[in-house]
Engineer: 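Would you mind keeping the following structure in view while I ask a few things?
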Number of protein chains: 2
Amino acid sequence: MSEEPRFPAGLPARDRRVGGQVQGAIKQLILDSRLGPGDPLPTEAELMDALGVSRNSVREALKGLQALDIVEIRHGYGTYVGQASLTPLVDGLTFRTLARHEDAHALGEILQIREVLEEGLIRRVATALGEPELDALEDLVERMAEAGRAGRPFPELDRAFHELLYRPLGNTLVAQLLGAFWNVFHRVALAQDWTEDPSPERTVRRHRDIVTALRARDVAAAQRAMADHFRGIEARAVRATRGVG
Amino acid sequence: MSEEPRFPAGLPARDRRVGGQVQGAIKQLILDSRLGPGDPLPTEAELMDALGVSRNSVREALKGLQALDIVEIRHGYGTYVGQASLTPLVDGLTFRTLARHEDAHALGEILQIREVLEEGLIRRVATALGEPELDALEDLVERMAEAGRAGRPFPELDRAFHELLYRPLGNTLVAQLLGAFWNVFHRVALAQDWTEDPSPERTVRRHRDIVTALRARDVAAAQRAMADHFRGIEARAVRATRGVG
DNA sequence: GCCCATTTGTGCGTATGTATT
DNA sequence: CAATACATACGCACAAATGGG
């Protein structure tokens, strides 16, 4: 077994895994250039010149970064720094949940994380919520009740409620994370049959209980209301999956 | 074949382009064929034939799926179904944290999520932990103390402690999620200067307090110990970032 | 409205690296 | 070691989209 140098003298030394190296180089370029979301990146031609690789390699690297929402590619216009959002997590988790053949357990895991997060967060946000925020939350509950009476589902209102609830924390990541889990959960649920809420008025009441507890500054009651809320979702989930299986 | 309506500009562009469609087709192929992690995928030639697109399009789509850990590409061997792990989240969050120019706030957000999660989880796991698990945790603490006395840092032991702690929950997602946040946090910290723990014995003691409280089946004390643990990390973080800024 | 330059998207051919048999 | 199968990389040509004159 000879340890001869792998690269002939006449050829430029090319690292293995050029694709991965190019991705790293582009990420480093963004960091070094202090570029923020929305800022334009060099064109593919400039990148292949700057990095000394072919256009295909540049494009494949950009495709990988696009999947991570690190870059954003606009056809016929240019490449830009992405938002680095949590959409890759949503895509990955939805696929993962759909691919594992026992959806019930996978959905239960997601649900438990949401529950732990929201139960802990509501305690932290309870004192930070002012009257205007509480009014806005109550308004959302009213619109939920309205939609429920009209027989319309209200996933957007539910989502908005939870997002608004934790806004005072100023933690943008936790909002996006909860949104991501919410997306995965409802997307997987949509891929199966159980989109209809069997008892909307119950769901509305649980949300109203949360607001009431918060208005009374009763942290423990708010936590209990949130736990009840998730117990309701859980019951819905096991009933649906049992019905399917 | 239905003609898709024009989407508003807000939608991510990759969902309506051919490249995105090829990604979706490959994902659907995996789901329809009931393939699991590690199973082989059709070769590039077969994919371009099956989907009616060129090799470049297939490769770019695969590169995107590889970034999401949905497929795994082995040079010269073949493409396989990936683990759908949370590595994309790690990559995305590390980049996001490094790209936002105020690392302190971004790290604080991650830390708060870890804290909320672990504080809620330890309550749920407290009753499920048996004597063997507690012994294993205590053993880890002993090895931490040993490493601390020898002046060696012990990030792996810290990581193992928290992973072992929540194993009885049987929630694989939460373990991976905590691991992902841990990775991001320490990777970003490594990209700056503050890798050294100023007071290892303090860190060891906080872990020991957690085990002690768990052994006494004192849930409230365990939660307090966990909160103290994170208070320590927080203090370390603000001190380091203040020193840098 | 049309044309045109720029930029990304797609397809094809070819050579090379890598792992299995 | 040779043959085979496959991914990796490069280069070129053309199509499609966008924005501006």
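To find a chain, count down the sequence lines: A is the first, B the second, and so on, and within it residues start at 1.
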Engineer: Check whether NZ of the Lys or CZ of the Arg R74(A) lies under 6.0 Å from the centre of the six-membered ring of Y80(A) and within 45 degrees of that ring's axis.
Structural biologist: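 Verdict for Y80(A): a cation-pi partner in R74(A).
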Engineer: Considering just the side-chain nitrogens and oxygens of S57(B), establish if one lies under 4.0 Å of OP1 or OP2 belonging to dG11(C).
Structural biologist: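 Yes, such a contact exists.
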Engineer: Would you mind checking if R100(A) and E109(A) are paired as a salt bridge, meaning a charged N to carboxylate O distance below 4.0 Å?
Structural biologist: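 So E109(A) does not pair with R100(A) through a salt bridge.
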Engineer: Checking H162(B) side chain against A160(B) main chain: does a donor-acceptor pair fall under 3.5 Å?
Structural biologist: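 Looks like no, no N/O pair under 3.5 Å.
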Engineer: Keeping to residues at least two apart or across chains, list the salt bridge (charged side-chain N to carboxylate O under 4.0 Å, His left out) pairs with something in residues 152-164 of chain B.
Structural biologist: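 Checked against salt bridge (charged side-chain N to carboxylate O under 4.0 Å, His left out) - neighbours excluded - the pairs reaching residues 152-164 of chain B are E163(B)-R167(B).
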Engineer: Tell me if the side-chain of N56(A) makes a donor-acceptor pair with the base of dG11(D), cut-off 3.5 Å, by modelled atom types.
Structural biologist: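 Check passes, donor-acceptor contact within cut-off.
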Engineer: Between dG9(C) atom P and E72(A) atom CD, what is the distance in whole Å?
Structural biologist: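 Rounding to the nearest Å, CD of E72(A) and P of dG9(C) are 11 Å apart.
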Engineer: Over how many whole Å does the gap from Q21(B) atom CD to dA16(D) atom C1' extend?
Structural biologist: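 Spelled out: CD on Q21(B) to C1' on dA16(D) is 15 Å.
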Engineer: Can you check the I73(A) CD1 to dA17(D) C1' distance for me, whole Å?
Structural biologist: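 Going from CD1 in I73(A) over to C1' in dA17(D) covers 14 Å.
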Engineer: Taking atom P of dA7(D) as reference, at what distance in whole Å does atom OH of Y80(B) sit?
Structural biologist: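 Distance, rounded to whole Å: 9 Å.
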Engineer: Taking the nucleotide of DNA chain D with the closest heavy atom to each, which residue, M48(A) or R59(B), is nearer the 5' end?
Structural biologist: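 Looking at the nearest nucleotide for each, R59(B) comes out on the 5' side.
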Engineer: Report the residue (Y77(B) or G52(B)) whose heavy-atom-nearest nucleotide on DNA chain C is the more 5′ of the two.
Structural biologist: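 It is G52(B), whose closest nucleotide lies nearer the 5' terminus.
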Engineer: Can you check whether any acceptor in the base of dG13(C) is under 3.5 Å from a donor in the side chain of R55(B), or vice versa?
Structural biologist: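 Answer no: no donor N or O sits under 3.5 Å from an acceptor.
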Engineer: Grab the NE2-P distance between H75(A) and dA16(D) for me, whole Å please.
Structural biologist: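 Roughly 9 Å, once rounded to whole Å.
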Engineer: Could you give the CG-to-P distance, from D49(B) to dC6(D), as a whole number of Å?
Structural biologist: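 Taking atom P of dC6(D) as the reference, CG of D49(B) is at 14 Å.
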Engineer: Does dC6(D) have OP1 or OP2 under 4.0 Å away from a side-chain N or O of T79(B)?
Structural biologist: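 No, because none of the side-chain N or O atoms of T79(B) sits under 4.0 Å from OP1 or OP2 of dC6(D).
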Engineer: Any side-chain N or O of S54(A) under 4.0 Å from OP1/OP2 of dC10(D)?
Structural biologist: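 Answer yes for this pair, as a side-chain N or O of S54(A) is under 4.0 Å from OP1 or OP2.
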